[in-house]
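Being a predicted model, the structure only gives us computed values, none of them experimental.
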Amino acid sequence: MTAEEAAEMIPNGATIGLSGFTAPGTPKFISEALAAKAVREHEAGRPFKINLFTGASTSDHVDGALSRANAYNMRAPYQNVPDLRKRINAHDCHYFDRHLSEMAQEVRYGTYGDIDFAIIEAADITPDGEVVLGCGVGNIPTYAKLAKHIFIELNDKLPKSLLGMHDIYLPDDPPYRREIPIFAANDRAGSPILKIDPAKVIGIVRTSSYDGVKPFTAVDEVSKQIGSNVVRFLLSEYKSGRLPKEFLPLQSGVGNVANAVLYDLGESTELPPFMMYTEVIQDAVLELLKKGKCTFASTCSMTFSDATEEKLFADMDFFHDKILMRPAEISNNPEVIRRLGVIAMNTALEADIFGAVNSTHVLGTKMMNGIGGSGDFTRNAYLSIFSCPSVSKGGLISNIVPMVAHADHSEHSVDIIVTDQGIADLRHKDPVDRAREIINNCAHPMYRELLTEYLEMGINGRGGQTPHTLQTSFAFHDAFNQTGDMRNTDFGKYV
């Protein structure tokens, strides 16, 4: 059937689960037809909104089109499209932010009600319901299992040679759950195909499209410096013997800073080759695999730009046994992360001087993207590293603040903070020691005096182990809201 015919079968109020994790593996055509249907229904004066559950973010084909059509009632667990962000912050869409490892099992537990439709992007499908997925898995093994009906987008841009690059494993639900049999990043626990009930498939839409991931912009000097600082820290840990001689699997978030770290790792001659146990691999990882610096990558999604995806498909014989894609609740599973000793590297919007991190809310109120998998990895990692530029907007915003305006990760989960200014090792330090470490090593020089003033106010005031001065804790944010420049902070006006 056509995408339009499929969309006509989806009613107002339906709950839909999509395959994919970031843009790769995400269906592209039924969602756009559904957005067009929503526009027609609204113009006719009829309500039309759906609930959409995914593995993580999607693409403009999904979150962009459906947000512009105001077609969302509920959305979870993660997003990164500006049009949807506007809807969320304007309360036009009910969005709840979840740890990515928890979403699928919560759906199986019945927390979010029934799944009416699952939409799967596939490279291949057999008549008896064996599906070769695309370049991202996400939560589709659970959504397809529970869905009443299934649509398949059969994408001829995806080679059938993707067969064997997936590891589809679902844990049993409590109280019957056993250990997940992954003891190294390259262990396989499940099946290379997704098995679905053929009777549920009510339509196949033939498509021909790459994922449309744009290449990241050239790494700027700030990102380069952050990447260099992260690698310098890892090298110090390795030389000191605090990392094993075999090294440990790496997890890396998404974006230019993450890419800069990976490129720097690739250039290091003193660190040994390593594996990755992560949720997303980007363009830099394909180069690391080709060079032999990364020997294996376990992931949930291959978030490659179109040009890099073409390189992958053209050289599948080389890459086929070096990449494995798993469901999100396995790629992000706390049990496996802790067992393998994963080194977690994630980005922050801001961090405070005592080590708490805000990953999600600009100035504490406006949702950016979501917590994603950072919490899954951070809390269970062998080492938890957060990085961010020391300042934004040319210095108008300090990303090191007295108190984060929204807390996603408490100081208990954060080991290391890295900025372009340097490295703060927060391990075995009390709150005041952590604060001095962060101010002296991570804050931009233009903000160090203000941050020190805040710290001394707390120490000399009411005291306490974590010496916040509550009436001035958000003075940086208040100054920005009032004047557009955090450097205009005046603690005296609050006292």
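Between the N358 side chain and the V404 main chain, no donor and acceptor come within less than 3.5 Å of each other. Panel note: side chain D97, backbone I371; a donor-acceptor pair is recorded below 3.5 Å. A side-chain donor-acceptor contact under 3.5 Å links R434 to the backbone of F354. Under a 3.5 Å cut-off, the side chain of K86 and the backbone N or O of S67 do not form any donor-acceptor pair.
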**OP:** Apply the test side chain to side chain contact (heavy atoms under 4.5 Å, CB included) to residues H409 and S374: give CA-CA distance (whole Å), side-chain angles for both, the deciding distance (0.1 Å), then the verdict.
**Re:** CA-CA 9 Å; H409 312 284; S374 59; 3.1 Å; yes

**OP:** Could you go through the side chain to side chain contact (heavy atoms under 4.5 Å, CB included) check for F274 and L248 one step at a time?
**Re:** CA-CA 7 Å; F274 55 85; L248 289 170; over 6 Å; no

**OP:** Kindly determine whether L250 and L265 satisfy side chain to side chain contact (heavy atoms under 4.5 Å, CB included), including the steps that lead there.
**Re:** CA-CA 11 Å; L250 297 179; L265 284 168; 3.4 Å; yes

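Residues D197 and K145 are not paired through a salt bridge, judged by the lack of any N-O separation under 4.0 Å between the basic side chain and the carboxylate. Between D83 and R68 a salt bridge is recorded (basic side-chain N to carboxylate O distance below 4.0 Å). Note on E270 versus K239: salt bridge recorded, some NZ/NE/NH1/NH2 to OD/OE distance being below 4.0 Å. A salt bridge links K291 with E267; the closest basic N to acidic carboxylate O contact falls under 4.0 Å. Using a cut-off of 4.0 Å between Lys/Arg side-chain N and Asp/Glu carboxylate O, R427 and E237 are scored as salt-bridged. E329 and R108 are joined by a salt bridge, as a carboxylate oxygen and a charged side-chain nitrogen come within less than 4.0 angstrom of each other. Salt bridge D211/K157: absent, no basic N to carboxylate O contact under 4.0 Å.
D63 has its side chain within reach of Q79: a pair of non-hydrogen atoms, C-beta onward, lies under 4.5 Å apart. Side-chain contact check for T303 versus I281: every heavy-atom pair is 4.5 Å or farther apart. Between E411 and V357, the closest side-chain pair of non-hydrogen atoms is not below 4.5 Å. In this structure, the side chains of P273 and F247 stay at 4.5 Å or more apart for every pair of heavy atoms.
Listed here is the closest heavy atom pair of R188 and L324: NH1-CD1, 3.2 Å. Minimum heavy-atom separation, R338 to R379: NH2-O, 3.1 Å. Closest approach of A33 to A3, counting heavy atoms only: CB-O, 3.5 Å. Across all their heavy atoms, N80 and R85 have their closest contact at O-NH2, 3.4 Å.
Residues passing the ring-ring contact (aromatic ring centres under 6.0 Å, His included) test with F304: none are found, sequence neighbours excluded.
Residue-environment remark: CG (D317) stays at or below the threshold of 12 foreign heavy atoms within 6.0 Å. Counted within 6.0 Å of CZ on R98, heavy atoms from surrounding residues, nucleotides or ligands total more than 12; the atom is thus considered enclosed. Shown here is K293, whose NZ atom has more than 12 heavy atoms of other residues, nucleotides or ligands within 6.0 Å.
For the atom pair CD1 of I140 and CG of L18, the computed distance is 7.0 Å after rounding to the nearest 0.5 Å. With values rounded to the nearest 0.5 angstrom, S331 atom OG is found 6.5 Å from Y277 atom OH. The distance from the CG atom of D187 to the OG atom of S298 is 9.5 Å, given to the nearest 0.5 Å. Here S19 contributes atom OG and L194 contributes atom CG; the two are 9.0 Å apart, rounded to the nearest 0.5 Å.
Under the 6.0 Å cut-off for aromatic ring centres, F96 and Y78 do not qualify, their centroids lying 6.0 Å or more apart.
A cation-pi arrangement, defined by a distance under 6.0 Å to the six-membered ring centre and an angle within 45 degrees of its axis, is present between K322 and F318.
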Taking distance alone, no hydrogens or angles, what donor-acceptor pairs closer than 3.5 Å link side-chain atoms of residues 113-125 to residues at least two apart or in another chain?
from	atom 1	to	atom 2	distance (Å)
D116	OD1	K148	NZ	3.2
D116	OD2	T15	N	2.8
E121	OE1	K28	NZ	3.3
E121	OE2	K28	NZ	2.5
E121	OE2	N155	ND2	3.1

